[in-house]
Amino acid sequence: MDWTNKASIILCLTFTLMLSACSVSYKFNGASIDYTKVKTIQIAEFPLRTSYVWGPMGPLFNNRLKDQFTNNTKLQQVNRNGDLKLEGEITQYTQRNKSVAADGYTAQTELTMTVNVRFTNNINHSEDFERQFSASQSYDTKQSLNSVQEELVTLMVKDICEQIFMATVANW
């Protein structure tokens, strides 16, 4: 065996050992929080302030919003005096005809949910805002709203909670 073959074998073994000895893991959750300054978050219950209401929507939204921050940040949730504060209300839950079939009847119906959010950053008030976040889902009109409502509201709640998370702690 000549010198170049030995060198390439040694190089391959060294590289293999280095890869197996080191492990790097990345977790991307979108949060850009300075945990030396921001340690707590206060998330108020968001009441339903809509003319049309689906009962489980409020608890579903409130639980999902709290879980979003629990699962993706190190922030401790507190009942008052949080470094960050989220409050607001669910202001819209509507359905409208989205498309019409060739026979002239509605083919698709769109369900929309809107949440008004007031965000206060008690560490840096320049980041405070009040903003509305919305999400929509469509369903075939041949289906009844009762049969698809839970699934569609769950998807809209997930979307809105992710939008709120990105706007508050990811600075997007």
Any chance you could measure Leu75, atom CG, to Ile33, atom CD1, to the nearest 0.5 Å? 4.0 Å

Locate the shortest heavy-atom distance separating Phe61 from Cys161; write the atom from each residue and the value. CE1-SG, 3.8 Å

Hphob cluster co-occupancy, Phe165 + Val78, side-chain heavy atoms under 4.5 angstrom: no

Cluster overlap Ile160 with Val148, hydrophobic side-chain contacts below 4.5 Å: yes

Donor-acceptor contact below 3.5 Å, side chain Asn116 vs main chain Gly88: no

Would you mind reporting whether Leu84 and Phe69 have side-chain heavy atoms less than 4.5 Å apart? no

To the nearest 0.5 Å, how far apart are CD1 in Ile164 and CZ in Arg64? 11.0 Å

Residues Gln163 and Ala135: closest non-hydrogen pair is NE2-CB, 4.5 Å

From Thr141 OG1 over to Gln108 CD, what is the distance, rounded to the nearest 0.5 angstrom? 6.5 Å

Parallel, tilted or perpendicular: which describes the rings of Tyr93 and Tyr52, with under 30° parallel and over 60° perpendicular? parallel

Taking CG in Asp34 as the centre, count heavy atoms belonging to other residues, nucleotides or ligands within less than 6.0 Å. Is the count above 12? yes

Cluster link Met113 to Trp54, ILVMFWY, side chain under 4.5 Å: yes

In short, Lys142 meets Asp140 closest at the heavy-atom pair N-OD1, 2.8 Å

Here the pair of heavy atoms bringing Gln143 nearest to Ser147 is CB-OG, 4.0 Å

Using the rule that two of Ile, Leu, Val, Met, Phe, Trp, Tyr join whenever any of their side-chain heavy atoms come within less than 4.5 Å, decide whether Tyr139 and Leu155 are in one cluster. no

Check whether any side-chain N or O of Ser136 sits under 3.5 Å from a backbone N or O of Thr112 as a donor-acceptor pair, and report yes or no. no

Using the rule given for side-chain contact (heavy atoms from CB on, under 4.5 Å), can you reason through Val38 versus Asn124, listing the C-alpha separation, both sets of side-chain angles and the distance that settles it, and then say yes or no? CA-CA 10 Å; Val38 179; Asn124 181 4; over 6 Å; no

Closest approach of Thr91 and Thr50, non-hydrogen atoms and distance? C-CG2, 3.3 Å

Is any side-chain heavy atom of Val117 closer than 4.5 Å to a side-chain heavy atom of Arg131? no

Met156 side, atom CE; Leu60 side, atom CG - distance, nearest 0.5 Å: 10.0 Å

Can I get a per-line list of side-chain donor-acceptor pairs under 3.5 Å for residues 39-49, giving both atom names and the distance, sequence neighbours left out?
unit_1: Lys39; atom_1: NZ; unit_2: Tyr35; atom_2: O; d: 2.9
unit_1: Lys39; atom_1: NZ; unit_2: Thr36; atom_2: O; d: 3.2
unit_1: Thr40; atom_1: OG1; unit_2: Asp83; atom_2: N; d: 2.8
unit_1: Thr40; atom_1: OG1; unit_2: Asp83; atom_2: OD2; d: 3.4
unit_1: Gln42; atom_1: OE1; unit_2: Asn81; atom_2: N; d: 3.1
unit_1: Gln42; atom_1: OE1; unit_2: Gly82; atom_2: N; d: 3.4
unit_1: Glu45; atom_1: OE1; unit_2: Asn62; atom_2: ND2; d: 3.3
unit_1: Glu45; atom_1: OE2; unit_2: Lys66; atom_2: NZ; d: 2.5

Give a yes or no on whether Glu150 atom CD has more than 12 heavy-atom contacts from other residues, nucleotides or ligands under 6.0 Å away. no

Take Thr168 and Phe129 through the test side-chain contact (heavy atoms from CB on, under 4.5 Å) and record every step on the way to the result. CA-CA 9 Å; Thr168 55; Phe129 66 79; 3.8 Å; yes

Between Leu152 and Ser138, the two heavy atoms sitting closest are CD2-O, 4.2 Å

So, taking the atom named OG1 in Thr114 and the one named CD1 in Ile90, what distance separates them when rounded to the nearest 0.5 Å? 10.5 Å

Taken to the nearest 0.5 Å, the spacing of Gln137 CD from Gln149 CD works out to 13.0 Å

Test item: side-chain donor near acceptor, Gln77 and Thr70, under 3.5 Å: yes

